[in-house]
Structure formats: C-alpha cells, structure tokens
Peer 1: 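Take a look at this one; I'll ask things after.
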Amino acid sequence: MAVSDAELLDHARAAAHSAYAPYSDFPVGAALLLEDGRIVTGCNVENASYGLTICAERTAAGRMIAEREEARTAGERPRIIAAAVVGLKAAPCHPCGACRQVLGEFSCDRVIVEGSSGDPVSISFTDLLPHAFGPDAL
Ligand code: THU
C-alpha cells in the first residue's frame, strides 16, 4: 500500500530522535521514499568543527546509495519520489540549499514538511530549487 505524506513525516520525525546535534540542539530527520517503495531515513550529524555537520537529508541520501541491496553499476541513479523533513524544534523545516542540490541529483519530485499545525505540506521540487543544475546539464 502506498505510504501517505503523513506517514512519511512520521518516519522523518522518528529519525530526528537519532540526531547527533549537541551544538545546535536542533534535531532534524529526513525520510526518502524510493521508487521501489523503500523508505530510507537519516538525521543530522554535527561535529565540533561546526562546518563539517551533515544534514539529515544528506545522511539519508548517502545511506540510500550505500545500502542498496544489489550491486549496481557505478553511476546508476535511484529516484526519490518524495522527501519528508522534520525539525523537532521548528515547523516547517525546509531543506537547506546544499540538501536541495543533493536531493535534486536523485530527481526528487517533491518535499514534504510539517505545516505549523503539524499537517503535511507538499512542495514541488521545482518550486524549491528552480533552474537547478543537475546531471542533465552535463
Ligand atoms: N539541518 C538539517 O539537518 N537539514 C537542513 O536542511 C537544515 C539544517 C541541521 C544542520 C544542523 O545540525 C542543524 O540543523 C542546525 O542548522
């Protein structure tokens, strides 16, 4: 059965509880819905060298690639049907610019965030990152 936007947000919220965010105290979780129905989650991972922090969305994207079940031809690109993002301290929590670029690499179709009352808000990717630079540009 297809996963609802609210359910995908639930996965992202659960992932946020694993965040390592001692510096910002701003835990974030992301859940990526893939073409085969799989859901891959990630959380932010901060560092004492602040700039080395990895956002939740990019943790999830790395995991999506690293945990693919079958051996793949290098360069084969999975497609993200939808990406849900939850910040435990703020709603909505929109993906940062770097994460938009990384989600775009995998043809992300839309991003789901929590509205101020916790309801799912779906944003088309082209609204989030218009005129994106991506694989097709090369
Ligand atoms: N953060 C994310 O995980 N995703 C975003 O798209 C925005 C920001 C994290 C990074 C940092 O650990 C904390 O939120 C505060 O910026």
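What's counted below: heavy atoms across the whole structure, side chains too, no hydrogens, waters or symmetry copies.
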Peer 1: Hey, are the side chains of Asp25 and Lys89 touching, using non-hydrogen atoms and a 4.5 Å cut-off?
Peer 2: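 Contact flag for Asp25/Lys89 side chains = yes.
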Peer 1: Check for me, please, whether Val28 and Leu9 land in the same ILVMFWY cluster - side-chain distances under 4.5 Å, paths through other members count.
Peer 2: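 In one cluster: no.
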Peer 1: Given the rule in the side chain to side chain contact (heavy atoms under 4.5 Å, CB included) test, do Glu46 and Tyr23 qualify, once you have shown the distances and angles that lead to the verdict?
Peer 2: CA-CA 7 Å; Glu46 298 189 343; Tyr23 306 107; 3.4 Å; yes
Peer 1: Hydrophobic cluster membership, with links at side-chain heavy-atom distances under 4.5 Å among I/L/V/M/F/W/Y: are Val86 and Val3 in one?
Peer 2: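 Cluster IDs for Val86 and Val3 match.
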Peer 1: Side-chain contact, heavy-atom cut-off 4.5 Å: Ile65 with Phe106?
Peer 2: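 When only atoms from C-beta onward are counted, Phe106 and Ile65 do touch, with a gap below 4.5 Å.
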Peer 1: Do Ile80 and Val121 belong together in a cluster built from hydrophobic side chains that touch within less than 4.5 Å?
Peer 2: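 The answer is yes; both residues are in one hydrophobic cluster.
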Peer 1: Is Asp36 salt-bridged to Arg68, cutoff N-O under 4.0 Å?
Peer 2: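 Looking at Asp36 and Arg68, the cut-off is not met.
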Peer 1: Determine whether Pro78 and Glu35 make a side-chain contact, defined as any pair of heavy atoms from C-beta on separated by less than 4.5 Å.
Peer 2: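 Pro78 vs Glu35: side chains apart.
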Peer 1: Would you please test Asn47 and Ser49 for side-chain hydrogen bond (donor to acceptor under 3.5 Å, both in side chains) and show each step?
Peer 2: CA-CA 5 Å; Asn47 192 277; Ser49 176; 4.6 Å; no
Peer 1: Hey, mind stepping through Ser107 and Arg79 against side-chain hydrogen bond (donor to acceptor under 3.5 Å, both in side chains) and telling me if it holds?
Peer 2: CA-CA 5 Å; Ser107 312; Arg79 243 172 61 80; 4.9 Å; no
Peer 1: Stepwise, does the side chain to side chain contact (heavy atoms under 4.5 Å, CB included) test hold for Val85 with His94?
Peer 2: CA-CA 7 Å; Val85 184; His94 297 104; over 6 Å; no
Peer 1: May I ask you to test the Cys55-Cys96 pair for a side-chain heavy-atom distance under 4.5 Å?
Peer 2: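 Sidechains of Cys96 and Cys55: in contact.
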Peer 1: Quick check on the hydrophobic clustering: are Val113 and Leu32 connected, directly or via other members, by side-chain heavy-atom contacts under 4.5 Å?
Peer 2: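 Same cluster.
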Peer 1: Under 4.0 Å between a Lys/Arg side-chain N and an Asp/Glu carboxylate O for Glu57 and Arg100?
Peer 2: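 A salt bridge is absent here (no side-chain N lies under 4.0 Å from a carboxylate O).
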